[in-house]
Trainee: 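Sharing a structure, written as structure tokens. Questions coming.
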Amino acid sequence: MKIVEENNNVIIKDLEHFNIMQTLECGQCFRFYKIEDLDYLIIAFGRILRIQQEDNQITLYNTTMNEFNKIWREYLDLNNDYECIKETLLKNNQDLHQAIKSKWGIHILKQDTWETLISFIISQNKHITHIKKVIEIISLAYGDKIGSYNGIDYYSFPTPEQLAIATDEGLRACKTGFRAPYILDASQKVVKGEIDIQQIKKITTDEARKKLISIKGVGNKIADCVLLYGLGRTETFPTDVWIKRIVENMYLKQESKLEAIQEFAAKQFGDYAGYAQQYLFYYGRENRIGK
DNA sequence: ATCCAGGGCCGAC
DNA sequence: GTCGGCCATGGA
């Protein structure tokens with residue numbers, strides 16, 4: 001991997017095991033817009049990032065080396081060794097071969113913890129396309145304008161303070177439906193200090209899961225999504241209806257409870273369960289495994 | 001149209 | 001402790 005700054009762009013060359021389309025479209029994040037094939041706008045950390053890929057080279061537009069090192073290097077998980085991750089997973093799991101071969105370029109993004117929490121609260125019982133829409137509406141209603149691209153304005157994801165003063169009606173107007181009180185509860189717990197995001201980053205995964213589940217509307221699945229996508233806990237295995245079907249279909253060969261699936265994943269994939277989950281989810285969903 | 005969605009709460013048992 | 005109905009909303 002070679003990184004240079006040119007004309008207010010940062011260019012990364014010789015980057016292997018990374019594909020921007022797969023990384024964005026695999027279901028882990030919601031605030032991105034496709035400009036063209038392998039050319040996207042990402043809204044994250046209060047910024048608008050245009051990212052374009054050509055073979056093993058990606059260009060980050062309108063940014064600096066300093067900002068790249070401060071934000072995007074970690075967000076895109078560029079320091080991680082995905083060759084090693086995939087080899088390790090494959091060594092013990094030939095069953096993953098097709099999924100990894102197909103979705104070879106996924107990186108698990110290191111997203112903002114707060115945004116991940118609210119995004120996945122919104123995600124419950126919704127299609128991905130609609131999740132994206134609701135998050136966009138909430139950001140427009142409660143976030144700050146952070147800039148524009150091609151004449152379209154973009155807004156930051158609202159802070160806990162910005163959401164804590166929202167009303168139930170206001171949030172429902174954003175099409176959150178029955179999730180509105182959940183969003184309010186999360187926001188108020190964070191503002192009051194009952195939930196301390198900085199502290200959650202430091203405690204063990206099980207302790208963090210317990211903390212997250214104390215928020216109304218957050219159960220095992222949403223907590224695990226926050227742990228994996230927003231806290232870098234790659235040993236977690238978020239189990240939604242799709243992953244449940246896929247694991248039952250590929251491995252367990254019978255209807256299984258959540259506990260059985262979690263136990264299976266821990267035993268089978270160990271500390272890399274989160275990566276395995278993402279390959280399986282994206283591949284399995286695309287191929288409708290178990291449906 | 002009817003069903004279901006990257007679930008979780010709540011009240012019956 | 002666990003099982004089923006229910007929760008808004010819109011896409012398939």
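Computed from a prediction, not measured in an experiment: that's the story for all the values here. Letters A, B, ... mirror the listed sequences (proteins, then strands); counts begin at 1.
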Trainee: Please determine whether salt bridge (Lys or Arg N to Asp or Glu O under 4.0 Å) holds for the pair Glu136(A) and Lys132(A), giving the CA-CA distance in whole Å, both sets of side-chain angles, and the decisive distance to 0.1 Å.
Mentor: CA-CA 6 Å; Glu136(A) 189 175 44; Lys132(A) 285 183 184 168; over 6 Å; no
Trainee: If you measure from the P atom in dG11(B) to the same atom in dA8(C), how many Å do you get, rounded?
Mentor: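 Pairwise P distance, dG11(B) against dA8(C), rounds to 15 Å.
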Trainee: Which part of the nucleic acid does Tyr229(A) contact within heavy-atom distance under 4.0 Å: base, sugar-phosphate only, or nothing?
Mentor: base
Trainee: Taking Asn287(A) for the side chain and Ile289(A) for the main chain, is one N or O donor matched with an acceptor at less than 3.5 Å?
Mentor: no
Trainee: Distance between the C1' atoms of dT2(C) and dG6(B), in whole angstroms?
Mentor: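 It works out to 23 Å between them.
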Trainee: What contact category does Lys221(A) fall into here, base, sugar-phosphate, or nothing, at under 4.0 angstrom with non-hydrogen atoms?
Mentor: base
Trainee: Taking dC3(B) as the reference, what is the distance to dC6(C) when you measure between their C1' atoms (whole Å, please)?
Mentor: 16 Å
Trainee: Quick one: label Gly27(A) by what it contacts on the DNA or RNA (base, sugar-phosphate, nothing), any heavy atom closer than 4.0 Å.
Mentor: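 Counting heavy atoms under 4.0 Å across all strands, the contact made by Gly27(A) includes a base.
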Trainee: Rounded off to whole Å, could you give me the CG-to-C1' distance for the Asn125(A) and dG7(B) pair?
Mentor: 6 Å
Trainee: Can you see if the side chain of Lys291(A) gets near the phosphate of dA5(B) - specifically, an N or O under 4.0 Å from OP1 or OP2?
Mentor: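 Yes, such a contact exists.
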Trainee: Taking CD1 from Ile131(A) and P from dA12(C), how many angstroms apart are they, rounded to a whole number?
Mentor: 13 Å
Trainee: Checking side-chain polar atoms at under 3.5 Å, does Tyr283(A) have a donor or acceptor matched by the opposite partner on Gln278(A)?
Mentor: no
Trainee: When you look at Tyr275(A) and Asn80(A), which way does the side-chain hydrogen bond (donor to acceptor under 3.5 Å, both in side chains) test go after all the steps?
Mentor: CA-CA 12 Å; Tyr275(A) 301 104; Asn80(A) 207 346; 2.9 Å; yes
Trainee: Starting at atom CD of Glu255(A), determine the distance to atom C1' of dC3(C), rounded to an integer number of angstrom.
Mentor: 14 Å
Trainee: What's the gap between dG10(C) and dA1(B) when it is taken at their C1' atoms, as a whole Å value?
Mentor: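 It comes out at 14 Å once rounded to the nearest Å.
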Trainee: Is the positively charged end of Arg73(A) above the ring of Phe68(A), judged by distance under 6.0 angstrom from the centroid and angle within 45° of the axis?
Mentor: no
Trainee: Among the nucleotides dG6(B), dC3(C), dA8(C), which one has an atom lying closest to any side-chain atom of Phe178(A)?
Mentor: dA8(C)
Trainee: Stacking between Phe281(A) and the base of dG6(B) (centre distance under 5.5 Å, interplanar angle under 30°)?
Mentor: yes
Trainee: In whole angstroms, how far is the C1' atom of dA5(B) from the CZ atom of Phe30(A)?
Mentor: 12 Å
Trainee: Take the protein atom CD1 of Ile137(A) and the nucleotide atom P of dA8(C), then report the distance between them rounded to whole Å.
Mentor: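 It is 17 Å, rounded to the nearest whole Å.
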Trainee: To the nearest angstrom, how far is Gln124(A) atom CD from dC4(B) atom P?
Mentor: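 Atom CD in Gln124(A) sits about 18 Å away from atom P in dC4(B).
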Trainee: Are OP1 or OP2 of dG6(B) and a side-chain N or O of Arg285(A) less than 4.0 angstrom apart?
Mentor: yes
Trainee: Does a distance-only test, which skips hydrogens and angles, find a donor-acceptor pair under 3.5 Å between the side chain of His130(A) and the base of dG10(C)?
Mentor: no
Trainee: From C-beta outward on Lys257(A), which listed nucleotide comes closest to its side chain: dG6(B), dC3(C), dC9(B)?
Mentor: dC3(C)
Trainee: CG of Leu109(A) versus C1' of dG6(B): gap in Å, rounded?
Mentor: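 The distance from CG of Leu109(A) to C1' of dG6(B) comes to 16 Å, rounded to the nearest Å.
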Trainee: Starting from the 5' end of DNA chain B, give me the residue, Lys216(A) or His127(A), whose nearest nucleotide shows up first.
Mentor: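 First, find each residue's nearest nucleotide; the 5'-ward one identifies His127(A).
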Trainee: So, Arg172(A) side chain and Gly170(A) main chain: donor-acceptor pair closer than 3.5 Å or not?
Mentor: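 No: the side chain of Arg172(A) does not pair with the backbone of Gly170(A).
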Trainee: Side-chain N or O of Arg179(A) versus OP1/OP2 of dC7(C): is the shortest distance under 4.0 Å?
Mentor: no
Trainee: Are Lys103(A) and Tyr282(A) in a cation-pi setup, meaning NZ or CZ lies under 6.0 angstrom from the ring centre and within 45 degrees of the ring axis?
Mentor: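 Here Lys103(A) passes the 6.0 Å and 45° test against Tyr282(A).
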Trainee: Is Lys126(A) near enough to dG11(C) that one of its side-chain N or O atoms lies under 4.0 angstrom from OP1 or OP2?
Mentor: no
Trainee: Closest nucleotide of DNA chain B for Gln278(A) versus for Gly217(A): which of these residues is on the 5' side?
Mentor: Gln278(A)
Trainee: Going by modelled atom types, is there a donor-acceptor pair between the base of dG6(B) and the side chain of Tyr282(A) at under 3.5 Å?
Mentor: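 A donor-acceptor contact between them is absent.
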Trainee: May I have the distance from Ile213(A) (atom CD1) to dC9(B) (atom C1'), rounded to whole angstrom?
Mentor: 13 Å
Trainee: May I ask you to say what Cys26(A) touches in the nucleic acid, namely base, sugar-phosphate or nothing, with a heavy-atom cut-off under 4.0 Å?
Mentor: base
